[in-house]
Amino acid sequence: MEKLFKIYVYQEGEPPMFHNGPCKSIYSSEGRFIHEVEKGKLYTTQDPDEALVYFLPFSVAMLVRYLYESESLKTDAIGRIVIDYIHVISGKYPYWNRSVGADHFMLSCHDWGPLASSYVPHLFNKSIRVLCNANTSEGFNPAKDASFPEINLLKGEADIGGLPPSRRSILAFFAGHLHGYIRYLLLNEWKDKNDPDVQVYDQLPKGVSYMSKLKNSRFCLCPSGYEVASPRIVEAIYAECVPVLISDGYVAPFSDVLNWKSFSVQIAVKDIPNIKEILMGISQRQYLRMQRRVKQVQRHFVVNPTPKRYDVFHMINHSIWLRRLNVHIQDFGVP
């Protein structure tokens with residue numbers, strides 16, 4: 001891949017909605033990728049004829065910031081920008097039309113990534129969509145779309161590391177506001193139990209550190225919010241806490257190459273009342289093996305100022321590369 005994979009970034013479009021993205025927020029994954037690929041030092045090419053994939057460099061997070069009409073709840077302006085952009089690049093270059101967009105990709109960590117792509121049917125159904133909101137019930141197709149880890153870098157950098165397993169006194173931990181029905185079920189079931197093993201909060205007590213709780217827990221609960229992705233998954237991995245995924249229809253990032261069952265626990269929504277029983281049923285030996293694997297996969301989720309092999313930037317590109325291998329341009333009638 002490192003020798004053959006080439007990305008052409010369309011130059012059309014002006015910042016802040018194109019060629020730009022947030023780098024210190026819940027959508028930092030989106031901004032960091034856009035900024036890194038725009039540097040042109042890794043994988044990119046200035047010659048579109050030698051490219052294997054073509055990047056559509058709009059930021060859904062920035063489109064929402066500047067175009068969403070919160071009073072009327074209208075998203076039409078976002079859709080018009082996406083439609084117009086595809087019209088511009090398909091009229092100026094031959095690449096979109098020859099593959100009906102199948103060798104093009106968009107990338108979004110905003111919940112509305114699927115919505116933004118839906119305004120152009122070929123973008124939704126044919127193109128590679130790299131999405132944090134990797135929800136199969138909303139049209140995410142793992143055969144052509146790639147799941148994108150949501151990483152909340154409020155300070156622009158990650159806090160990595162945690163206590164050794166022998167010093168982790170909390171079985172399971174979650175803290176977060178009510179945000180969707182899965183969190184409602186979790187909070188309703190566990191928030192007021194005052195169980196020292198399963199500590200669930202909608203708001204942490206004053207003076208209690210969120211990060212210290214993560215680093216002191218064996219398992220970190222990662223329920224979906226209104227959408228399936230949660231930054232808590234990567235927060236757990238950074239804190240060397242075994243993530244517990246509680247979601248419906250979520251495709252975990254990099255699952256082409258990472259065996260999530262080896263370093264995480266997946267609990268069905270219907271089993272939220274049984275969280276303690278399920279986690280207590282995991283033997284110490286199995287837990288230690290999973291926790292060790294969390295530390296092993298940690299490097300694949302790290303955002304480096306300058307990308308390093310196997311880090312999150314390379315993993316995202318690898319996911320795109322794998323999906324591009326499934327695309328045969330001649331299938332679309334190209335001479």
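For clarity, every value in this text was computed on a predicted model and none was experimentally measured.
- Between Ala236 and Pro243, the shortest heavy-atom distance links the atoms CB-CB, 4.0 Å.
- Transitive grouping of hydrophobic side chains (ILVMFWY, heavy atoms separated by less than 4.5 Å) keeps Leu214 and Leu171 in distinct clusters.
- Between the side chain of His177 and the backbone N or O of Asp202 there is at least one donor-acceptor pair closer than 3.5 Å.
- A side-chain donor-acceptor contact under 3.5 Å links Ser59 to the backbone of Met62.
- Ring centroids of Tyr93 and His104 are separated by 6.0 Å or more, keeping the two rings apart.
- Checking side-chain atoms of Glu30 against main-chain N and O of Cys109 turns up a donor-acceptor pair under 3.5 Å.
- In the displayed structure, Gln284 atom CD is contacted under 6.0 Å by more than 12 heavy atoms of other residues, nucleotides or ligands.
- Ring pair Trp190/Phe174: centre-to-centre distance not below 6.0 Å.
- Both tests hold for Arg129 against Phe124: distance to the six-membered ring centre under 6.0 Å, angle to the ring axis within 45°.
- Applying the ring pair (Phe, Tyr, Trp, His ring centres under 6.0 Å) test between Phe301 and each of Phe254, Phe313, Phe148, Tyr310 identifies Phe254 as the sole match.
- Between the side chain of Gln11 and the backbone N or O of Val9, at least one donor-acceptor pair lies under 3.5 Å.
- Shown are Pro57, Ser127, Ser117; of these, the side-chain contact (heavy atoms from CB on, under 4.5 Å) with Met106 is made only by Ser117.
- Of the residues Tyr43, Tyr85, Tyr8, Phe105, the one that meets the ring pair (Phe, Tyr, Trp, His ring centres under 6.0 Å) test with Phe55 is Phe105.
- Without hydrogens or angle criteria, Asp311 side chain to His314 main chain gives a donor-acceptor distance under 3.5 Å.
- Remark: the backbone N or O of Pro121 is paired with a side-chain donor or acceptor of Asn125 at under 3.5 angstrom.
- Ring-centre distance between Phe173 and Tyr210: below the 6.0 Å cut-off.
- A donor atom on one side chain and an acceptor atom on the other are not found under 3.5 Å apart for Thr45 and Asp47.
- Judged by distance alone, with hydrogens and angles left aside, the side-chain atoms of Lys215 form a donor-acceptor pair with the main-chain N or O of Gly161 at under 3.5 Å.
- Figure legend: Arg218 and Tyr287 shown as a cation-pi pair, the cationic atom lying under 6.0 angstrom from the six-membered ring centre and within 45 degrees of its axis.
- Taking the six-membered ring where the residue is Trp, Tyr54 and Tyr95 present parallel rings, their angle staying beneath 30° rather than reaching 60°.
- Electrostatic pairing of Arg323 and Asp256 counts as a salt bridge here, judged by a charged N lying under 4.0 Å from a carboxylate O.
- Not one N or O on the side chain of Arg232 forms a donor-acceptor pair closer than 3.5 Å with the backbone of Pro223.
- A donor and an acceptor atom, one from each side chain of Ser169 and Asn216, are located under 3.5 Å apart.
- Here the side chain of Thr75 pairs no donor or acceptor atom with the backbone of Ile78 at under 3.5 angstrom.
- Formation of a donor-acceptor pair under 3.5 Å by the Asn259 side chain with backbone atoms of Lys261 is found in this model.
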